[in-house]
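Quick note: numbers below take in every heavy atom, side chains included, and nothing from hydrogens, waters or symmetry partners.
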Amino acid sequence: MDIKNEVKERWGNTEAYAEFSAKTKGYSKERFADINAGLEDIFRNFAELIKSGAEPGADEAQALVKKLQVYITENYYTCTDEILTGLGQMYLADERFKNNIDKYADCTAEFVSKAISIYTK
């Protein structure tokens with residue numbers, strides 16, 4: 001199953017998916033590429049924090065979690081704390097996400113997941 005069908009099967013009946021569909025229906029391939037590049041920049045910034053020795057609860061990490069949440073809300077769907085918590089868990093549980101996020105630095109997905117957990121408590 002391709003990722004698009006998997007997403008629709010898993011979340012197709014949610015308000016977030018409906019909002020995502022409505023918000024992104026007019027996005028061109030270039031717009032999606034730009035948005036995805038912005039998301040990658042956020043994960044790259046998390047990796048830089050790891051390399052600097054920062055902890056997931058550090059102010060800089062928590063500011064990046066907020067930036068991630070706002071970015072998702074602005075470009076995809078309203079990213080509530082509940083949804084953000086689920087994303088943080090998925091970043092670790094789904095090897096595809098974990099491997100993609102960890103390409104910036106080892107354990108980036110774990111760091112982001114912990115930072116999100118602290119942020120949403």
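- In terms of heavy atoms, P56 sits closest to F111 at N-CE1, 3.4 Å.
- Atom-to-atom distance recorded for F20:CZ and T78:OG1 is 13.0 Å, nearest 0.5 angstrom.
- Among residues at least two apart or in separate chains, there is no salt bridge (Lys or Arg N to Asp or Glu O under 4.0 Å) pair with a member in residues 75-89.
- Remark: K23 engages no residue in a side chain to side chain donor-acceptor pair (under 3.5 Å) (not counting sequence neighbours).
- Here the closest non-hydrogen pair linking Y104 and A47 is CB-CB, 3.5 Å.
- Hydrophobic clustering keeps V70 apart from I118 (ILVMFWY residues linked when any side-chain heavy atoms are closer than 4.5 Å, directly or through intermediates).
- Between F46 and I50 the shortest side-chain heavy-atom distance does not fall below 4.5 Å.
- Residues L92 and F97 do not share a hydrophobic cluster, clusters being chains of Ile/Leu/Val/Met/Phe/Trp/Tyr side chains in contact below 4.5 Å.
- Applying the side-chain hydrogen bond (donor to acceptor under 3.5 Å, both in side chains) rule to pairs touching residues 44-64 yields D41-R44, sequence neighbours excluded.
- Proximity of V65 to L84: side-chain heavy atoms (C-beta onward) are separated by under 4.5 Å at one or more points.
- The CG atom of N99 lies 14.5 Å from the OH atom of Y91; values are rounded to the nearest 0.5 Å.
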TODO: Take T73 and T80 through the test side-chain contact (heavy atoms from CB on, under 4.5 Å) and record every step on the way to the result.
DONE: CA-CA 8 Å; T73 296; T80 63; over 6 Å; no
Show me the donor-acceptor pairs within less than 3.5 Å that the side chains of residues 29-36 make with the rest of the protein, sequence neighbours left out.
| residue | atom | partner | partner atom | Å |
| --- | --- | --- | --- | --- |
| E30 | OE1 | S28 | OG | 3.3 |
| R31 | NH2 | N75 | OD1 | 3.4 |
| N36 | OD1 | Y76 | OH | 2.8 |
| N36 | ND2 | F32 | O | 3.3 |

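- Taken together through direct or relayed side-chain contacts under 4.5 Å among Ile, Leu, Val, Met, Phe, Trp and Tyr, L39 and I116 form part of one hydrophobic cluster.
- A side-chain hydrogen bond (donor to acceptor under 3.5 Å, both in side chains) check over residues 109-121, counting only residues at least two apart or in different chains, returns the pairs Q69-Y119, T85-T120, E110-K114.
- Screening residues 64-79 for salt bridge (Lys or Arg N to Asp or Glu O under 4.0 Å) gives no qualifying pairs among residues at least two apart or on separate chains.
- Placement of L64 and I83 within a single hydrophobic cluster is found when ILVMFWY residues are connected by side-chain heavy-atom separations under 4.5 Å, directly or transitively.
- At least one side-chain heavy atom of K103 sits less than 4.5 Å from a side-chain heavy atom of E40.
- With sequence neighbours left out, Y77 forms a ring-ring contact (aromatic ring centres under 6.0 Å, His included) with no residue at all.
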